[in-house]
Amino acid sequence: MANPALTEDAVSPGAVAWVLTSTAFVFLMTAGLGFFYGGLVRDTNIINTMMMSVVSMGIVTLTWVVFGFSWAFGDNGSTGFGMFVGNFDYSLWMDLDMKMWGDSGLPALVFAAFQMRFSAYCIMLALWSLLIYAPLCHWVWGPGGWIGEMGALDFAGGTVVHISSGVSGLVAGGILGPRRHVEKDLGPANVPFVILGGCLLWFGWLGFNGGSALSVTDGVAARAVATTFVASASSMLTWLALERILKGKSTSVGASVGAVAGLVCITPAAGFVTPGWSIAIGALGAPWCFATVELMNKINLVDDTLDAFGLHGSGGIAGAILTGIFAVEDGLIYSGSFLLLGKQIAGALAGVAFSAVGTAIIVGVMKLLLKLCIPEEHEVGGVDQHTHGESYHSPVKQYPKAKSSDVSESTEQPSETV
């Protein structure tokens, strides 16, 4: 893809404003994710869980600038090696500030900034973002990427972001093994954090999906924002109904989790389906994710305490399949053909396989070289204090008592009258 020189006439002010605003929305999602997951864990692990989201902003930013963006979107040809990974042309975002990104009306630097998405964890995050996310991003969206060339649709990252992260979390959890002390009956430590995180994610997701249109003139951005909002609402209400029917009570945590499930499911379809059909995507995606979460908790083979696979991995797969059914023009209900649906399933399975094998290799090698699991005493006492020297609960502060003479002087002073 040729990137012409940046000129005033070539720039689309509306597209630039929308994509930069969406970039800020997506940045806020990282904080939302920290609150969402921080509220679900023990109160002695809240800071460590939230810190994982905070530190990702630093690590992923640098890996994306140095190599990640170039490996994802560099043009390495449409055959051979170029079908699987880009090149080094855009390393360190070289000259992107002086070029346009194709015919999108966006300066290349704006496009690159919007595409950034969330000890041993830090090493794992850096390796995963370069070796799993960047190549998969190239397969789906990069020049010559084979999944994109095949014709599979992924509007904002159902396969690239959610299937990859959910499957990778499941595989990593399986290799690391379960925690030695699991208090399943304690429930979330901070429900308001979960609600706040869910609302921030919902807000930021409007930019996550809407900004992926990269334009404001063809109606796709408006459609993506509308379907994102509607699908999440539909999924949330469906999740609450399932809780009421199956467990007797609808919970605030369930409302937040259900909304996130809908956001995940609509991500690959956001710009390709109508708002009406997005209701169906939310209503169908919620039971799929609900059943996966319940199944994962019941069989208990992997310690997926935050339901990473149940929501993101499973929801990404559901979203890819539902896109093949409801996408305007080529979807099953419009065309009567299973062709797009087959491509969607093939693309999703490729994402599952690549993420699983790649993550297994990364974590397996790290396990040979590093200690990945925390010591048992740290697990029992809480990770926050041992790892960061901080605690969610402020220690009781001892303030010096006032001298008796100071107290008597203050009480003897006459009050002023008007």
Side-chain angles (χ1 to χ4, degrees), residues 24-60 117-118 121 125 161-162 165-166 169 173 179 181-208 228-229 232-233 235-237 239-240 243 247 249-264 286 289-290 293 296-297 303-312 315 374 378-396:
F25 279 30
V26 174
F27 182 82
L28 185 63
M29 289 175 67
T30 308
L33 197 67
F35 277 107
F36 184 76
Y37 284 138
L40 290 172
V41 299
R42 283 173 50 188
D43 57 358
T44 54
N45 297 334
I46 287 179
I47 291 176
N48 182 69
T49 302
M50 298 183 74
M51 183 60 179
M52 287 182 173
S53 292
V54 172
V55 77
S56 71
M57 292 188 282
I59 294 174
V60 176
R117 297 299 193 212
F118 151 81
Y121 169 76
L125 184 59
V161 178
H162 297 294
S165 60
R179 290 166 292 165
H181 300 274
V182 182
E183 302 85 354
K184 292 186 177 181
D185 298 329
L186 293 182
N190 194 315
V191 172
F193 271 18
V194 179
I195 298 173
L196 174 61
C199 291
L200 290 175
L201 285 170
W202 198 340
F203 176 80
W205 224 296
L206 301 177
F208 184 88
T228 299
F229 209 96
S232 186
S235 177
M236 178 183 70
L237 295 178
W239 196 286
L240 290 175
E243 280 193 324
K247 298 185 177 182
K249 293 181 179 179
S250 300
T251 66
S252 57
V253 171
S256 300
V257 172
V260 171
L263 293 168
V264 172
C289 293
F290 188 95
V293 169
M296 292 293 296
N297 290 333
D303 192 1
D304 187 15
T305 185
L306 299 179
D307 301 324
F309 179 76
L311 289 182
H312 296 278
I374 61 174
H378 292 188
E379 183 179 318
V380 174
V383 182
D384 291 349
Q385 191 63 47
H386 288 94
T387 302
H388 305 289
E390 298 170 307
S391 174
Y392 166 67
H393 299 286
S394 299
V396 178

Working note: Val260 + Val257, criterion side chain to side chain contact (heavy atoms under 4.5 Å, CB included); need CA distance, chi angles, decisive distance, verdict. CA-CA 5 Å; Val260 171; Val257 172; 5.8 Å; no
Phe290 vs Trp239 aromatic rings, parallel, tilted or perpendicular, using cut-offs 30° and 60°? perpendicular
Can you name the ring pair (Phe, Tyr, Trp, His ring centres under 6.0 Å) partners of Phe309, sequence neighbours left out? none
Interatomic spacing from OG1 in Thr49 to CZ in Arg42 - rounded to 0.5 Å: 10.5 Å
Determine whether a donor-acceptor pair (N or O, by modelled atom type, separation under 3.5 Å) exists between the side chain of Ser165 and the backbone of Val161. yes
Can you list the residues that meet the side chain to side chain contact (heavy atoms under 4.5 Å, CB included) rule with Met236, with sequence neighbours excluded? Trp202, Leu240, Ala255, Ala259
Kindly write out the residues that satisfy ring pair (Phe, Tyr, Trp, His ring centres under 6.0 Å) with Phe36, not counting sequence neighbours, or none if the list is empty. none
Contacts of Thr251 that satisfy side chain to side chain donor-acceptor pair (under 3.5 Å) - sequence neighbours left out: Glu243
Using side chain to side chain donor-acceptor pair (under 3.5 Å) as the criterion, list what pairs up with Ser256, not counting sequence neighbours. none
Grab the two heavy atoms, one from Ala189 and one from Val41, that are nearest each other, plus how far apart they are. CB-O, 2.8 Å
Side chain to side chain contact (heavy atoms under 4.5 Å, CB included) against Leu200, all qualifying residues, sequence neighbours excluded: Leu28, Phe35, Leu196
Does Phe27 have any side chain to side chain contact (heavy atoms under 4.5 Å, CB included) partners at least two apart in sequence or in another chain, and if so, which? Met57
Just so I know, are the side chains of Asn190 and Asp43 near enough to count as touching, which here means a heavy-atom distance under 4.5 Å? no
Ser235 side-chain N/O to Gly258 backbone N/O, donor-acceptor pair under 3.5 Å: yes
Can you list everything that forms a side chain to side chain contact (heavy atoms under 4.5 Å, CB included) with Asp307? Sequence neighbours excluded, please. Val293, Asn297, Leu311
Determine, step by step, whether Thr30 and Ser56 satisfy the side chain to side chain contact (heavy atoms under 4.5 Å, CB included) criterion, reporting the C-alpha distance in whole Å, the side-chain angles of both residues, the deciding distance to 0.1 Å, and the verdict. CA-CA 8 Å; Thr30 308; Ser56 71; 4.0 Å; yes
Evaluation steps, side chain to side chain contact (heavy atoms under 4.5 Å, CB included), between Tyr37 and Met52: CA-CA 10 Å; Tyr37 284 138; Met52 287 182 173; over 6 Å; no
